[in-house]
*Asks:* 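One structure follows; several queries about it will come next.
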Amino acid sequence: MARPFSTARYAAMSEAEIRSAERTLAAGTWAITAGAALFSVLTVTPLVKSVSPPGWGWTAWILPLVVDAAVIIVVRLDSVISRLGGTSGAWPALLRWMTGAMTLALNVGNSALHHDWVGVAVHSVAPLLLIVTAEAALAYRRAISAALARIAADQAADAERQRADAEAQEQRHRAERERARIAKETAEREAREHAEKLERERTAREEARLRAEREHALALERERTAREEAERQARLDEEKALREYNARIERERAERELAERVRQEERAERERREKAEREERERREEARRLERQRQESAAAVPAQSRAAASPKTVKQPARVVESVVMSDEFAGMTKGEAEQALFELYRAARDASEYEDWEQDPLVKDGGPFCGSNLGRRLGRSDASGRANVKPKFERWYEEYQASKTADERELVGVS
């Protein structure tokens, strides 16, 4: 077996060059193997055919193919194992030498049987070349694998060194960045703390200012509220005093008006009585005058005429109730105002009446100032109009007045 070649001479070669040499070795090995196998088939087939039984000569080409297949297996597996950097052991070596010896024996067998030593030499070329090429290719592949492994180790070492250098540089850069980051964070923290301190001081000042403003505003609001309350109470007192004064003035005015109305009613009643007495006197005087005229006429006519003139034939003039025109009781008032003013007098008199039954009061009986006839006369109407219209209307108004008064009293009681 050939010694393994040293890989020192491949030190200056690149991995690509070594890969190219390996491909050349593989191509040459397979070319020699294919040529030797073909030559072996052509050489061995006549030999095997000559020793085969009759009728089986056609199988002569199988034996060289089997031997050549074994050679191909050996060559292929040796290349794979050498590429993996391992050794195949004794059995692969035995198979390699046994197939080589068989190929050599079969190729030179026919020439040896005929004692043709030149043919033996010629036919031994291909098998010997195949055997030596297989051994040399194995040595070459092992050397190439060792070189590739060394190159890979060197590249791995370089890569590891570069990686270590890069990691060291990255570590330095990281440390520098960390120091810069720490310095930046420290500066930012100090700036932030300083800004927060300034902000706290500003906030404290602002809160103190706002608190002082709120206290001042609250004090002003309390003063304003107290002032408004005092003013409101003063207004309430003034309004109360004014209401009391107005109520007193109104009561005094109502009392004066009532007294004035009573005086006017008394004056009107006196005037009415005087007018009635005057009219009565005038009627009596007119009657006496008529009686005198009658007596004078009776004295002038013949006696028979006096006898024929019966007193029954003298007709007294019928009493006619005429509308009484207002004198000055409600002078300057319209019809409605006069009617309302007379009702106020009527209501005041009825409220002041001591009779449980108002119709029993002399004021409303016949001849009284508030009887139906006089109510009509005082408004410038007839007696019948006073009895049929004015008196019922005043009674209806009085009932409405009493109802509204009762409702007001109930409301005042509820409010109290």
Side-chain angles (χ1 to χ4, degrees), residues 246-287 316-413:
N246 291 334
R248 186 174 65 255
I249 295 300
E250 185 65 23
R251 286 195 302 271
E252 293 176 355
R253 186 183 64 80
E255 291 174 356
R256 288 195 301 271
E257 290 179 354
L258 180 60
E260 181 65 23
R261 288 175 182 174
V262 171
R263 285 196 299 272
Q264 290 179 359
E265 290 175 359
E266 292 177 351
R267 184 174 63 253
E269 181 65 19
R270 287 195 301 272
E271 291 176 354
R272 186 187 63 79
R273 292 194 188 99
E274 291 175 357
K275 184 177 180 181
E277 292 175 356
R278 187 170 56 254
E279 291 177 352
E280 184 64 24
R281 285 195 302 271
E282 289 177 355
R283 284 195 298 272
R284 285 197 299 268
E285 289 177 357
E286 181 66 21
Q316 296 291 334
R319 183 175 181 270
V320 179
V321 179
E322 298 177 354
S323 298
V324 179
V325 180
M326 294 184 294
S327 57
D328 59 351
E329 183 177 5
F330 304 111
M333 295 184 184
T334 63
K335 181 179 179 181
E337 292 175 349
E339 192 175 63
Q340 187 64 35
L342 181 59
F343 170 72
E344 292 296 330
L345 297 176
Y346 182 87
R347 179 184 59 78
R350 182 164 181 176
D351 289 341
S353 176
E354 296 179 354
Y355 287 85
E356 183 176 355
D357 185 1
W358 168 243
E359 297 299 330
Q360 299 299 323
D361 195 307
L363 295 175
V364 295
K365 288 185 176 182
D366 293 340
F370 296 108
C371 68
S373 300
N374 286 329
L375 289 175
R377 295 191 188 99
R378 295 173 70 175
L379 291 176
R381 304 175 188 176
S382 64
D383 296 356
S385 176
R387 290 190 301 271
N389 297 326
V390 179
K391 179 68 180 298
K393 182 188 292 187
F394 282 6
E395 286 296 321
R396 186 174 66 256
W397 285 1
Y398 186 79
E399 290 176 0
E400 293 175 356
Y401 160 74
Q402 288 293 108
S404 63
K405 182 178 179 182
T406 303
D408 293 340
E409 290 177 353
R410 288 177 180 176
E411 183 177 357
L412 291 174
V413 171

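Note that the coordinates shown come from a computational prediction; the quantities given were computed from them, not determined experimentally.
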*Asks:* As an exercise, state the distance from CZ of R253 to CD of E260, rounded to the nearest 0.5 Å.
*Replies:*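 R253 atom CZ to E260 atom CD measures 13.0 Å (nearest 0.5 Å).
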*Asks:* Might you point out which heavy atoms bring W358 and A349 nearest each other, and give the distance in Å?
*Replies:*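 Heavy-atom minimum between the residues: CZ3-O, 3.8 Å.
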*Asks:* Which atoms form the tightest heavy-atom contact between L375 and V390, and what is the distance?
*Replies:* CB-CG1, 3.8 Å
*Asks:* Starting at CG of L363, measure out to CZ of R350 and round the result to the nearest 0.5 Å.
*Replies:* 12.0 Å
*Asks:* Can R272 and E269 be counted as an ion pair, charged N to O under 4.0 angstrom?
*Replies:*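 Between E269 and R272 there is a salt bridge, with a charged N closer than 4.0 Å to a carboxylate O.
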*Asks:* Salt bridge check: are R251 and E255 linked by an N-O gap of less than 4.0 Å?
*Replies:*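 A salt bridge is absent here (no side-chain N lies under 4.0 Å from a carboxylate O).
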*Asks:* Does the ring of Y401 carry R347 above it, NZ/CZ under 6.0 angstrom from centre and within 45° of its axis?
*Replies:*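 Yes, R347 lies over the aromatic ring of Y401.
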*Asks:* With a 6.0 Å cut-off (strictly less than), is the heavy-atom count around CG of D366, excluding the residue itself, greater than 12?
*Replies:* no
*Asks:* Could you tell me which non-hydrogen atom of P392 sits nearest to which non-hydrogen atom of G386, and how far apart they are?
*Replies:*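 It is CD-O, 4.4 Å.
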*Asks:* Parallel, tilted or perpendicular for Y346 and F370, by the 30°/60° rule?
*Replies:*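 Perpendicular: the ring planes of Y346 and F370 meet at over 60°.
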*Asks:* Taking all non-hydrogen atoms of both residues into account, name the closest pair between V364 and C371 and its distance.
*Replies:*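 Here V364 and C371 meet closest at O-CB, 3.4 Å.
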*Asks:* Measuring only between side-chain heavy atoms, which start at C-beta, is Q340 closer than 4.5 Å to M333?
*Replies:* no
*Asks:* How about L345 and R378: do any of their side-chain heavy atoms sit closer than 4.5 Å?
*Replies:* yes
*Asks:* Where is the tightest heavy-atom contact between E339 and F394, given as atom of each residue plus distance?
*Replies:*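 So the minimum-distance heavy-atom pair works out to O-CZ, 3.6 Å.
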*Asks:* Does NZ belonging to K365 count more than 12 external heavy atoms closer than 6.0 Å?
*Replies:* yes
*Asks:* Going through the distances and angles, do R284 and E280 end up as a salt bridge (Lys or Arg N to Asp or Glu O under 4.0 Å)?
*Replies:* CA-CA 6 Å; R284 285 197 299 268; E280 184 64 24; 3.6 Å; yes
*Asks:* In this structure, are over 12 heavy atoms from other groups packed under 6.0 Å from E279 atom CD?
*Replies:* yes
*Asks:* Would E266 and R263 pass as an ion pair if we require N to O under 4.0 Å?
*Replies:* no
*Asks:* Given side-chain contact (heavy atoms from CB on, under 4.5 Å), test D351 with Q402 step by step and report yes or no.
*Replies:* CA-CA 10 Å; D351 289 341; Q402 288 293 108; 4.1 Å; yes
